[in-house]
Amino acid sequence: MVAWLLSGAAAVAGTAESTPAQHPLRPPDVSSPRATLDSLRRNLNQAYRLADSSDSHTKDTVVLLRRALRTLNLSEEPESIRDSIGIEAALHLKEIIDRIELPPLEQIPDKAEVNSRALKKWRLPNTEIVIARVEDGSHTGEWLFSPATVDNAADFYERIAHLPYRPDATPRIYAAYSMTPGPGLSLSWSQNVPRWLGWELFGQTLWQWFGGLLAGALAVGLILVLYRAARHADKSRATTPPSRRATILALLFAIVVAAGVEYFFDQIVNFTGGVLIFTKDAFIVVLDVLIGWVTVLVLTQIPELIVRSRRLRPRGIDSQLLRLGFKLLAFVALAGLVIEGADRLGLPAYSVITGLGVGGLAVALAARETLANVLGSLAIMLDRPFRTGDWIKIGSDEGTVEDIGFRSTRIRTFYDSLLSIPNATTVNAVVDNMGQRTYRRVYTRLNIRYDTKPAQIEAFIEGIKGIIREHPTTRKDYFHVVLHDLGSHSLEIMVYFFLQVPDWSKELVDRQQVLGDILHLADSLGVQFAFPTQTIELDRWPASSATTNQEPAFSMPLQSSE
C-alpha cells in the first residue's frame with residue numbers, strides 16, 4: 001500500500017513519467033497488468049489535479065482522459081460512442097480502485113513476470129476486473145482492461161458506490177465529469193451551478209435536461225417550418241414531374257441542424273450513461289434517414305434533368321431506362337447506408353447483410369409476380385421491341401403504346417379504351433410492331449365489268465401504275481398492278497404497292513389520295529366497276545297437251561350488293 005501511495009503522490013506532483021506535456025506523443029505504458037493499472041491511475045490523478053486548480057485547465061484534462069482511455073480494450077464497442085463509453089468506463093474503474101483494497105505493487109505482474117509465466121490475463125483480486133493481453137488487431141501484445149470489464153464497469157461501480165474512499169482517492173471524479181459541460185473535467189462547475197439545477201433525473205442533472213430538450217425542440221420546429229415552406233415552393237413550380245429542389249435544400253439544412261444538435265448534446269450538454277447511448281443511436285438513425293432521403297430525391301431528379309436537357313420523350317424507352325438505372329443506384333446507396341449505420345450502432349456487418357439477403361429472399365418469394373413484371377420492364381427497355389407511340393399487336397390485343405411502366409405496358413386500343421398488359425406477359429409474347437414498318441402495304445382488288453374492252457383494261461392498268469409512280473410517298477421500286485383473275489361476276493385487277501409514311505394517320509390520308517386518283521382515272525376512261533351479279537335461266541315449260549303454247553326460254557340478270 002505504501003508503494004501505491006507513493007505512486008499516487010508522484011502522480012499528483014506531476015512526475016516526468018506521468019506528464020504528457022513533456023512527451024505528448026508517448027503512449028501510456030500498457031506492457032503489463034501493473035503498468036496498465038498504474039497508467040490508468042496516474043493519468044486520472046493528474047486530470048483531477050488540473051480540474052481542481054482552475055477552469056482554465058478543463059481542456060488540458062482532455063488529453064489525460066484520452067490517455068486513460070488507451071488502457072481499455074474498446075474493440076467491441078460501437079465506433080460512434082467508443083470514446084465517450086471509454087472515458088466513462090475509465091472513470092468508473094477509477095472510482096472502484098479508489099474504494100477497494102489493492103494488492104501490494106510487487107504482487108501485480110510486471111513485464112518480466114508476464115513473459116516468464118506466459119500469462120494471458122490477470123484479475124484484480126476479489127473482483128471481476130480483468131486486464132488481458134490483446135491477441136489480435138492494432139493493439140496486439142498490449143495489456144488492456146478486457147471488453148467484459150469495460151461493459152460492466154458502471155455496474156461494478158454501482159455495487160461499491162457505498163464504500164468510503166481511500167486516502168489517496170480522487171473523490172467524485174465521475175460525478176464531476178458527468179456535470180462538466182463540454183469535453184474535459186472541472187470540479188468547480190458543480191459548485192457554481194444552483195443546487196436545484198444539479199438534481200439528477202435518470203443519471204443526468206436538470207440543467208442538462210433543460211438544455212438538451214430546448215435545443216431539440218428548437219431544431220425540430222425549425223426543420224418542420226423549412227420543410228413545409230420547401231414543399232410549398234416545389235408545388236408552386238409548374239413542372240412535370242414536379243421539382244424537388246427546395247425540398248432537397250431543406251433536407252440538407254436539416255442534416256446540418258441535426259449534426260449540430262448532436263454535437264451540442266455530446267460536447268456541450270455532455271450526456272452520459274444510457275442517455276448518451278440512446279441519443280447517439282437516435283442521431284445515427286435520424287441522420288441516416290435524412291441522408292437516405294436526400295440521396296433518393298437527388299438520384300430521382302438527375303434522370304429528369306437529363307431528360308429535359310436532352311429533350312427526350314418523357315415516356316420514351318430512354319427516359320424510362322434512365323429512371324430505372326438511377327432507382328437501382330438509389331437502392332444500392334440505401335443498402336450501403338443501412339450497413340454503415342448498423343456498423344456504427346454496433347451490429348455486425350455480416351449479420352446485416354445476411355438479414356438483408358434473407359429479407360430480400362422473403363420479399364422475392366412473396367412478390368415474385370411483381371418482380372417478374374419489373375424484370376420484364378427491364379428486358380423491354382433493354383431489348384426495345386417497341387416504344388411509346390408504336391402501333392403493336394400482342395396476341396388478340398392491338399393498339400398504340402401510351403406508356404411502358406415498371407409493372408405493365410399500357411396500350412390505347414382503337415376503341416379508345418386503355419389496356420394494361422403485365423410486362424411479364426408482354427416480354428414472353430409475340431409482339432408484332434406495326435409502328436416500326438419502313439413501308440406500309442396497300443393491297444386491294446378492283447372488280448370491273450366483263451364488258452370492259454381490252455384496250456380500256458390496258459390503259460386503266462398503266463394509268464394506275466402512273467399514279468403510283470407519281471405519288472410522293474409510294475415506293476417506286478416495288479409494286480404490282482395486274483389483271484389478276486377472271487372472277488365469277490367481274491374482272492379482278494390486283495393493286496399492290498407500299499407507302500413510306502411515319503404513322504397510321506398519314507397512311508390513311510395517302511391511301512385515300514391514291515384510291516381517289518384511281519377512281520378519277522376509271523371515270524375518265526369509262527371503266528365501270530362491277531357489282532356482284534347472278535343470272536337465273538328458266539327452261540321451257542314441259543308440254544302438258546298438244547294445244548299448249550310453247551314459251552321461249554329466257555334469262556334474267558339479278559344484281560345484288562354484298
Side-chain angles (χ1 to χ4, degrees), residues 27-33 35-41 43-44 62 64-97 109 114 119-124 127-160 174 177-178 183 203 262 265-266 270-285 287-288 336-356:
D29 188 1
V30 289
S31 59
S32 66
T36 300
L37 187 59
D38 194 51
S39 293
L40 176 70
R41 295 181 67 254
N43 285 287
L44 292 182
V62 174
L64 295 164
L65 292 175
R66 291 188 179 277
R67 286 175 63 83
L69 174 74
R70 279 281 286 109
T71 64
L72 310 180
N73 188 344
L74 301 171
S75 59
E76 297 183 5
E77 300 298 329
E79 184 179 356
S80 61
I81 58 175
R82 185 169 296 172
D83 289 351
S84 300
I85 290 295
I87 292 176
E88 290 185 28
L91 293 170
H92 280 134
L93 290 174
K94 184 63 168 63
E95 292 275 7
I96 295 170
I97 292 171
V114 296
L119 291 178
K120 292 186 177 180
K121 65 179 180 178
W122 177 80
R123 181 168 59 87
L124 192 63
T127 71
E128 299 177 55
I129 298 174
V130 175
I131 301 176
R133 186 179 185 275
V134 180
E135 300 296 337
D136 54 15
S138 59
H139 298 289
T140 301
E142 297 181 358
W143 286 82
L144 305 176
F145 287 94
S146 67
T149 300
V150 174
D151 287 339
N152 295 299
D155 182 58
F156 295 161
Y157 168 66
E158 292 294 333
R159 288 156 60 181
I160 58 90
Y174 176 76
Y177 170 78
S178 64
E262 180 186 16
F265 281 7
D266 187 24
N270 192 26
F271 282 130
T272 57
V275 176
L276 170 67
I277 296 174
F278 174 79
T279 55
K280 282 283 188 179
D281 292 347
F283 276 109
I284 289 174
V285 174
L287 287 173
D288 279 358
L337 276 174
V338 170
I339 295 173
E340 187 271 341
D343 182 66
R344 293 175 62 194
L345 290 172
L347 301 177
Y350 68 88
S351 299
V352 177
I353 295 173
T354 302
L356 290 175

Worksheet item: Among L72, T149, T36, L124, which one satisfies side chain to side chain contact (heavy atoms under 4.5 Å, CB included) with I131?
Response: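 Per the side chain to side chain contact (heavy atoms under 4.5 Å, CB included) rule, the option paired with I131 is T36, out of L72, T149, T36, L124.
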Rounded to the nearest 0.5 Å, how far does [atom2] of [Y] lie from [atom1] of [X]?
X    : Y    : atom1 : atom2 : result
E88  : D83  : CD    : CG    : 11.5 Å
D29  : R67  : CG    : CZ    : 10.0 Å
D136 : S75  : CG    : OG    : 7.5 Å
E142 : R133 : CD    : CZ    : 10.0 Å
L91  : L40  : CG    : CG    : 8.5 Å
S84  : L69  : OG    : CG    : 9.5 Å

Worksheet entry | Within-4.5 Å side-chain heavy-atom neighbours: S146 and K121 | no
Worksheet item: Any side-chain heavy-atom pair from N152 and E128 closer than 4.5 angstrom?
Response: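 Result no, sub-4.5 Å side-chain heavy-atom pair not found.
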Item to complete: Take K94 and Y174, measure what side chain to side chain contact (heavy atoms under 4.5 Å, CB included) needs, and give me the verdict at the end.
Response: CA-CA 9 Å; K94 184 63 168 63; Y174 176 76; over 6 Å; no
For [X] versus [Y], what's the shortest heavy-atom pair and its separation?
X    : Y    : value
T71  : A68  : OG1-O, 2.6 Å
N43  : P28  : ND2-CB, 4.4 Å
R82  : E77  : NH2-O, 2.9 Å
V150 : L74  : CG1-CD2, 3.7 Å
L337 : D288 : O-OD2, 3.7 Å
I284 : G341 : CG2-O, 4.0 Å

Practice prompt. May I ask you to say whether K120 pairs ionically with E135, meaning some side-chain N is under 4.0 Å from a carboxylate O?
Written response: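 No, no charged N to carboxylate O under 4.0 Å.
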Worksheet item: If you draw a 6.0 Å radius around CZ in R66, do more than 12 non-hydrogen atoms from other residues or ligands fall strictly inside?
Response: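 No - once you tally the heavy atoms of other residues, nucleotides and ligands closer than 6.0 Å, there are 12 at most.
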Item to complete: Applying ring-ring contact (aromatic ring centres under 6.0 Å, His included), name anything that partners F271, two or more places apart in sequence or on another chain.
Response: W209, F265
Item to complete: Could you list all the ring-ring contact (aromatic ring centres under 6.0 Å, His included) pairs where at least one residue sits in residues 64-83, not counting sequence neighbours?
Response: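 Passing the test, one end in residues 64-83: no pairs.
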Worksheet item: Tell me the ring-ring contact (aromatic ring centres under 6.0 Å, His included) pairs involving residues 137-159, sequence neighbours left out?
Response: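 Qualifying pairs: H92-Y157.
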Fill in: Backbone of E262 reached by a side-chain donor or acceptor of D266 within 3.5 Å
no
